[in-house]
Trainee: 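Before I ask anything, let me first share the structure, which is written out below as structure tokens.
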Amino acid sequence: MRWSRYYLFTTREVPADAEIVSHRLMIRAGMIRKEAAGIYSYLPFGWRSLQKLSAIVRREMDAAGAVELFMPVVHDAELWKESKRWQEYGKELLRIQDRHERDFCLGPTHEEVVTDIVRRDVRSYRQLPKNLYQIQVKFRDEIRPRFGLMRGREFIMKDAYSFDADQAGLDAAYDAMAQAYERIFEACQLDFSRVEADTGAIGGSSSHEFMVLADTGESEVVSCRECGYGANVERAETQPPAPPEVQKPAEMQEVATPACHTVAEVAELLGIGRERVVKTLLYDTPEGPAAALIRGDREVNPTKLANALDVPEVTLADETLVRKLSGAAVGFAGPIGLPDSVRLIADESVRGLTNFACGANKTDAHLTGVNLGRDVDLSEFHDFLLVTAGDACPRCGSELSLSRGIEVGHIFKLGTKYSERMGCTFADEQGQDQPMIMGCYGLGIGRTVAAAIEQNHDDNGIIWPLPLAPFSVLVLPLTNRDDAVVAAAEGLYEDLLAKGVDVLLDDRDERPGVKFNDADLVGIPVRVVVGSKSLADGKVELSLRRDGEKELVPVEGAVERLIELAAV
RNA sequence: CGGGGCGUAGCUCAGCCUGGUAGAGCGCACGGUUCGGGACCGUGAGGCCGGAGGUUCAAGUCCUCUCGCCCCGACCA
């Protein structure tokens, strides 16, 4: 491609709203253009990169036995009513009507459509398993789109759906997808990690996320260097912290703790460690109020708490509700004397505590010398501890560390949630109808490209991993006024094209400085500079964007050397 | 949805407080000088000051409404 005829316009300045480096660089390198909040055009240079990734994804999906199809963007509401998600999905589902005022929505994900397809075709266990995938536009009306392609409303995703006759089949399909994902992200040369994840609204029994590690990531990841355990912090477990020394039961007493609203203040006033205070957090849930008890030096993980309570979500009670339930100001709630309507649940960290302090459900008062069993009867213990760095790995006990990641893939074992609701069944060996067992496997195409830039850039611009680079080689003649330079550059360009190399020739009539800066910005991995001086010696200058080290080679052998450098 | 901010040239922004002829830099066009890391000089084109209403002799500027965008928070396959 000749730059002069291509559609690639770089900019020096960026809109002030571009916050993170991948967003800035994608705009400056002419890859994307914002059309509305969270909605982008993919300009030719950016689209090439998405196409490179898509090709890798297709290759690995096909190799893993998935079959490509293409489903609609606009979905009939009837399907979504069948799966009950017309009501459940909430405002992220963009609903529209046609001229006859029939309800439709823009597909945020395709379980409904794919299940509808499969239930019409597949009748027998003999026809299973099946795995269908597409690379398609999704629309989710996110509350707050941000960071360019990281969190858009309209975005491109690869989504695959597996259908199996039994759990073993699902397990195999899931493993095959997980391995395909590993190969895809390895092929993209990304530093990533596969972690356990919460299943969230999608439901199902098991789920993993693929995280590209980057400080700008929106997700927090817990990992163990020793045994390889990894999990989204929402899901992460740890071994319960060791309880403090067991003491002889003391008498329970009410003590005045004026204006002590936090555990730290209470602990200091009482002259005890925070681990001897029990924090009582009141939550509102769709099933009624709940009181969550946790050791004073630790924090609650709301996702784990919701799972432990078996409710879709929990919301920390506001001041009014706290007063109503505990009869006291915020900061003085305790497990003793709460109304019966409040469900009591304790984190494992509370087990084994002796002579602890807790709120007295009375403003400016706490109880001390409280003991389980004698003073308060707790029957429900669960793990809803928020893991922090340094906690013990649940598998091997080593120290866990915390890092940030960009969620580029998410795979789920769905089970029969959709097949049951939508009647997607098959006849088993006994001729009995059974719901198919499903899995779904998402991979953000645009987000992965953005993540690659987050991980591969410097102050001057993008440093493309070769497999995702829009072009592999940039031919950069320093001037258009020296016929020898032009001829040599044209020659290299034509030869590389003939060899099937993705090559861009910067034939613009620009000064060298402009060309060099643009070359760094757009980040093409292999560069060959053709200048009058070196050409007088019959040489051209090769370099890699990644390290910038220059190598002078004779013009004659340059093409072979370039092909070598551009080999993925 | 709560809190905060911003809409002026293609882009980045000043001008608004204190109403009185629409500005700068970059980019673009033309001419000249330059030419291995975003050159310089000159000339020029380019604006419904997001939209609607109001106050006023007069509104980019003040008031009301509205639309859009961004940030923080809650939320999230």
Side-chain angles (χ1 to χ4, degrees), chain A residues 9-20 23-24 27-28 30 33-39 85 88-93 107-112 138-148 150-153 155 157-161 197-204 207-210 218-219 232 234 284 302-303 306 312-316 318 407-412 414 417-418 440-444 447 459-461 476-482 485 506 508-521 527 529-536 540-541 543 548 550 552:
Chain A
F9 301 99
T10 60
T11 61
R12 230 188 278 201
E13 289 173 304
V14 269
D17 55 39
E19 291 266 307
I20 63 171
H23 188 193
R24 275 199 294 273
I27 289 173
R28 288 195 54 212
R33 170 83 27 89
K34 189 171 74 177
E35 304 295 348
I39 299 177
R85 287 209 291 184
E88 288 175 3
Y89 210 90
K91 289 193 175 174
E92 264 186 45
L93 185 65
T109 171
H110 282 69
E111 282 84 5
E112 279 76 3
K138 300 279 185 274
F139 194 95
R140 294 182 192 172
D141 200 358
E142 293 276 352
I143 299 168
R144 188 144 89 84
R146 59 181 137 182
F147 301 153
M150 283 296 177
R151 179 170 292 272
R153 291 196 292 175
F155 58 98
M157 174 169 143
K158 185 285 300 176
D159 46 326
Y161 304 90
D198 186 62
T199 48
I202 288 252
S207 170
H208 286 85
E209 288 169 330
F210 289 79
E218 292 189 85
S219 309
N232 189 307
E234 289 179 351
D284 200 13
T303 305
E313 59 174 354
V314 296
T315 324
L316 202 56
D318 59 20
E407 178 192 345
V408 289
H410 200 164
I411 61 178
F412 294 85
L414 288 175
K417 175 172 170 181
Y418 296 93
C440 74
Y441 315 94
L443 191 156
R447 192 184 273 187
D459 290 346
N460 298 322
L476 198 163
L478 281 170
T479 173
N480 282 2
R481 277 171 310 282
D482 181 331
V485 166
D506 190 354
R508 298 174 301 165
D509 188 16
E510 291 286 356
R511 297 166 56 84
V514 172
K515 291 190 175 190
F516 280 127
N517 279 301
D518 273 347
D520 288 346
L521 174 61
R527 179 188 305 176
V529 173
V530 185
S532 309
K533 285 177 200 161
S534 9
L535 195 60
V540 292
E541 182 183 292
S543 62
K550 291 164 189 156
L552 276 174

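Note: hydrogens, waters and symmetry copies are ignored here, and every other heavy atom, side chains too, is used. Each chain gets a letter, A, B and so on, in the order its sequence line appears, and its residues count up from 1.
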Trainee: Please determine whether a side-chain nitrogen or oxygen atom of Arg144(A) lies at a distance below 4.0 Å from atom OP1 or OP2 of rC72(B).
Mentor: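 For rC72(B), OP1 or OP2 has a side-chain N or O of Arg144(A) closer than 4.0 Å.
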Trainee: Whole-Å distance between rC76(B) P and His410(A) NE2?
Mentor: 13 Å
Trainee: With a 3.5 Å limit on both atom pairs, tell me what rU33(B) is paired to, counting Watson-Crick and G-U wobble, or say none.
Mentor: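 Looking at the geometry, rU33(B) pairs with rA39(B).
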Trainee: Heavy atoms under 4.0 Å, any strand shown: does Ser534(A) hit a base, just sugar-phosphate, or nothing?
Mentor: base
Trainee: Output the rounded distance in Å from CD1 (Ile143(A)) to C1' (rC70(B)).
Mentor: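 Rounding to the nearest Å, CD1 of Ile143(A) and C1' of rC70(B) are 16 Å apart.
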Trainee: Taking rC17(B) as the reference, what is the distance to rU64(B) when you measure between their P atoms (whole Å, please)?
Mentor: 15 Å
Trainee: Do Lys138(A) and Asp159(A) have side chains that approach each other closer than 4.5 Å (heavy atoms only, starting at C-beta)?
Mentor: yes
Trainee: Using only modelled atom types and a 3.5 angstrom limit, is any donor from either the side chain of Glu510(A) or the base of rG38(B) paired with an acceptor on the other?
Mentor: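 Absent.
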Trainee: Mind checking the P distance from rG3(B) to rU66(B)? Whole angstroms is fine.
Mentor: 15 Å
Trainee: With both distances under 3.5 angstrom, what nucleotide forms a Watson-Crick or G-U wobble pair with rU61(B)?
Mentor: none
Trainee: For RNA chain B, whose closest nucleotide is more 5', that of Tyr89(A) or that of Arg508(A)?
Mentor: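 Closest to the 5' end, via its nearest nucleotide, is Arg508(A).
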Trainee: Please give, in whole Å, the distance from rC26(B) P to Asn517(A) CG?
Mentor: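 Rounding to the nearest Å, CG of Asn517(A) and P of rC26(B) are 16 Å apart.
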Trainee: Tell me if the aromatic rings of Phe412(A) and His410(A) count as close, with their centers under 6.0 Å from one another.
Mentor: yes
Trainee: Which whole-number value in Å describes the distance from Lys34(A) NZ to rG68(B) C1'?
Mentor: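 Rounded to the whole Å, the gap is 10 Å.
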Trainee: For Arg527(A), answer base if it contacts any base atom (sugar-phosphate contacts may also be present), sugar-phosphate if it contacts only those atoms, and nothing otherwise; contact means non-hydrogen atoms under 4.0 Å.
Mentor: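 Contact class for Arg527(A): base.
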Trainee: Check every strand shown and say whether Arg28(A) touches a base, only sugar-phosphate, or nothing at a heavy-atom separation below 4.0 Å.
Mentor: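 Contact class for Arg28(A): base.
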Trainee: Could you check whether Ser532(A) and Asp482(A), counting side-chain N and O atoms only, form a donor-acceptor pair closer than 3.5 Å?
Mentor: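 Per modelled atom types, Asp482(A) and Ser532(A) side chains form a pair under 3.5 Å.
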Trainee: Using a 4.0 Å heavy-atom cut-off, does Asp159(A) contact any base of the nucleic acid, only the sugar-phosphate backbone, or nothing at all?
Mentor: nothing
Trainee: Could Glu218(A) and Arg151(A) be called an ion pair, given the rule that one side-chain N must be under 4.0 Å from one carboxylate O?
Mentor: yes
Trainee: Whether the side chain of Arg481(A) and the base of rG36(B) hold a donor-acceptor pair under 3.5 Å is what I'd like checked.
Mentor: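 Answer is no: no donor-acceptor pair is held.
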Trainee: Does Val14(A) or Val530(A) map to a spot on RNA chain B nearer the 5' end, using the closest nucleotide for each?
Mentor: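 By nearest-heavy-atom nucleotide position, the 5'-most residue is Val14(A).
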Trainee: Whole angstroms only, please: what is the CD1-C1' distance between Ile27(A) and rC70(B)?
Mentor: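 Checked: the CD1 to C1' distance equals 12 Å.
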Trainee: Kindly give the heavy-atom pair with the smallest separation between Leu478(A) and Gly531(A), and that separation in Å.
Mentor: CD1-CA, 3.6 Å
Trainee: Compare the minimum distances between each of rG37(B), rG73(B), rG38(B) and the side chain of Thr10(A), then state the nucleotide with the smallest one.
Mentor: rG38(B)
Trainee: Using only side-chain N and O atoms of Arg146(A), determine if any of them is under 4.0 Å from OP1 or OP2 of rC72(B).
Mentor: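 Yes, Arg146(A) has a side-chain N/O under 4.0 Å of OP1/OP2 on rC72(B).
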Trainee: For Lys515(A), report the nucleic acid contact type (base, sugar-phosphate, nothing); a contact means any heavy atom under 4.0 Å.
Mentor: nothing
Trainee: Of all the choices, rG37(B), rC70(B), rG36(B), which nucleotide is nearest to the side chain of Val529(A) once you look at every atom?
Mentor: rG36(B)
Trainee: With both distances under 3.5 Å as the test, what is the Watson-Crick or G-U wobble partner of rG19(B)?
Mentor: none
Trainee: Is the shortest side-chain N to carboxylate O distance from Glu111(A) to Arg85(A) below 4.0 Å?
Mentor: yes
Trainee: Please tell me if Lys91(A) has a side-chain N or O lying less than 4.0 Å from either OP1 or OP2 of rC75(B).
Mentor: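 It does not, given that no N or O in the side chain of Lys91(A) lies less than 4.0 Å from OP1 or OP2 of rC75(B).
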Trainee: Between rG15(B) and rG47(B), how far apart are the C1' atoms? Round to whole Å, please.
Mentor: 14 Å
Trainee: Quantified in whole Å, what is the P atom distance between nucleotide rA59(B) and nucleotide rG20(B)?
Mentor: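 After rounding to an integer number of Å, I get 11 Å for this pair.
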Trainee: Rounded to whole angstrom, note down the C1' distance from rA22(B) over to rC13(B).
Mentor: 14 Å
Trainee: Taking donor-acceptor contacts at under 3.5 Å, does the side chain of Glu13(A) reach the base of rG10(B)?
Mentor: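 Per atom types, no contact qualifies.
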Trainee: Going by salt bridge (Lys or Arg N to Asp or Glu O under 4.0 Å), name the residues that satisfy it together with Arg508(A), two or more places apart in sequence or in a different chain.
Mentor: Asp506(A), Asp518(A)
Trainee: Tell me whether the side-chain N or O atoms of Arg511(A) pair up with the base of rU34(B) as donor and acceptor below 3.5 Å, since no angle test is needed here.
Mentor: yes
Trainee: Base of rC76(B), side chain of Arg151(A) - is there a donor-acceptor contact under 3.5 Å?
Mentor: yes
Trainee: Using Watson-Crick or G-U wobble geometry with both distances below 3.5 Å, tell me the partner of rC28(B), or none.
Mentor: rG44(B)
Trainee: Within this structure, what is the CZ-to-P distance between Phe147(A) and rC72(B), rounded to whole angstrom?
Mentor: 6 Å
Trainee: When the P atoms of rC63(B) and rG19(B) are considered, how many whole Å apart are they?
Mentor: 12 Å
Trainee: Across all strands, who's sitting opposite rC69(B) as a Watson-Crick or G-U wobble pair, both distances under 3.5 Å?
Mentor: rG5(B)
Trainee: Considering only the P atoms, how many Å lie between rC26(B) and rA39(B), rounded to the nearest integer?
Mentor: 11 Å
Trainee: At their closest point, which heavy atom of Ser219(A) faces which heavy atom of Glu407(A), and how far apart are they?
Mentor: OG-CB, 4.3 Å
Trainee: Ile39(A) has an atom CD1; how far is it from atom C1' of rG68(B), in whole Å?
Mentor: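 Rounded to whole Å, this separation is 12 Å.
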Trainee: Which base sits across from rA74(B) as a Watson-Crick or G-U pair, both distances under 3.5 Å?
Mentor: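 Paired with rA74(B), as far as the under-3.5 Å criterion goes, is no nucleotide at all.
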Trainee: With sugar-phosphate meaning primed atoms plus P, OP1 and OP2, does Glu142(A) contact a base, only sugar-phosphate, or nothing at under 4.0 Å between heavy atoms?
Mentor: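 Counting heavy atoms under 4.0 Å across all strands, no contact is made by Glu142(A).
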Trainee: Can you tell me, in whole Å, how much space there is between the C1' of rG27(B) and that of rA9(B)?
Mentor: 11 Å
Trainee: Let me know the distance between CG of Asp509(A) and P of rA39(B), rounded to the nearest Å.
Mentor: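 Between P of rA39(B) and CG of Asp509(A): 13 Å.
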